[in-house]
Amino acid sequence: MIDLSGKVAVVTGSGRGLGKGIVMKLASLGAETIVSDIDDRSIQETVQEIQSYGGKAFGKACNVSQPDEAEEFVQEVIARYGTIDILVNNAGINRDAMMHKMSVEEWQQVMNVNINGVFYMMQPAVKVMREKESGSVINISSASWQGNIGQANYAAAKAGVIGLTKTAAKELGKKGVTVNAICPGFIETDMTRGVPDHVWDMMVNKIALGRAGQPEDVANCIAFLASEQANYITGEVINVGGGMVL
Ligand code: NAI
């Protein structure tokens, strides 16, 4: 049984979708959760939902693509709780286009959130983890990191997340901090719900288990990585995609 009682857990982009599933799972296992997003209303809704089943949650907005805001956010969490034990870098966006049609703005927006944002959050958070010689960072990459038509920006950022994860795992291992990446496959959230029916069917056909994933499928793996049971696992990249990439 996973018990996260007494652990302080930050999940970025947790107002909805995968992040919401993750933060709710961590709270259900006893963690003190910090729900963070750029969207205030979704933060409040998620906090209320967690509190309604007796979970511990505090909400605070943070745009991870702004380095000063990320630093200030981390410092505020540390001032309030004294530490961060679990950091899940989940916030992400897509701006899909074929490369020859992709605007510089679409490239930069995705880089700013999906890779720069992970660094901006990790840098101040791992300082406190290094000092107390424990902590767990889980970065959300994507099955698309290996390349996907129409996603040059997204795939490049998600591949970057893996390089950052492995480097951080090597730098922080002797300090008792684990750093892992998860590659979700095709998970039912606002990011995927908008795809045309034929694309949905094509994606599901690629999945060995024959269904799109749910946020909880990913959250279960994250809960394990965040727990004491996983403290000898670091620098790994774990596919949670129902066998989409085999
Ligand atoms: P979503 O679009 O449903 O939710 C993303 C959340 O991040 C939203 O609440 C949004 O407000 C927040 N967000 C966006 N920009 C932000 C910023 N600058 N700072 C803070 N928060 C921000 O997306 P979904 O599907 O829940 O995706 C979550 C993560 O999982 C992303 O990193 C995505 O790339 C990744 N992923 C999702 C897959 C899927 O099939 N849904 C597959 C593989 C990876």
If we only count heavy atoms from C-beta on, is the L18 to M191 side-chain gap below 4.5 Å?
no

Using a strict 4.0 Å threshold on nitrogen-to-oxygen distance, state whether E32 and R80 make a salt bridge.
no

Distance-only, no hydrogens or angles: does the N63 side chain make a donor-acceptor pair with backbone N or O of S65 under 3.5 Å?
yes

I'd like to know if D217 and K25 make a salt bridge, using a cut-off of under 4.0 Å between side-chain N and carboxylate O.
no

Under 3.5 Å donor-acceptor, S227 side chain and Q229 backbone
yes

According to salt bridge (Lys or Arg N to Asp or Glu O under 4.0 Å), does anything in residues 114-125 pair up with another residue at least two apart or in another chain? List the pairs.
none

I need the minimum non-hydrogen distance between A159 and W145, along with the two atoms involved.
N-CB, 3.7 Å

Which pairs, with at least one residue in residues 94-116 and sequence neighbours excluded, count as a salt bridge (Lys or Arg N to Asp or Glu O under 4.0 Å)?
none

Does a donor on one side chain sit under 3.5 Å from an acceptor on the other, for N90 and T12?
no

Please tell me whether Q44 and Q48 have a donor and an acceptor in their side chains that are separated by less than 3.5 angstrom.
no

According to the salt bridge (Lys or Arg N to Asp or Glu O under 4.0 Å) rule, which pairs have a member within residues 44-60, sequence neighbours left out?
K20-E49, R41-E45, K60-E76

Where do S14 and I34 come nearest, in terms of heavy atoms and distance?
OG-O, 4.3 Å

Count the heavy atoms belonging to other residues, nucleotides or ligands that lie under 6.0 Å from CG of N205, then report whether that count exceeds 12.
yes

Residues, nucleotides or ligands: over 12 heavy atoms within 6.0 Å of E72 CD
no

Evaluate the criterion salt bridge (charged side-chain N to carboxylate O under 4.0 Å, His left out) for residue pair K132 and D85; output intermediate values, then yes/no.
CA-CA 10 Å; K132 64 174 186 154; D85 299 295; 2.3 Å; yes

Quick check: does any side chain N or O of E133 sit under 3.5 Å from a backbone N or O of K175, one acting as donor and the other as acceptor?
no

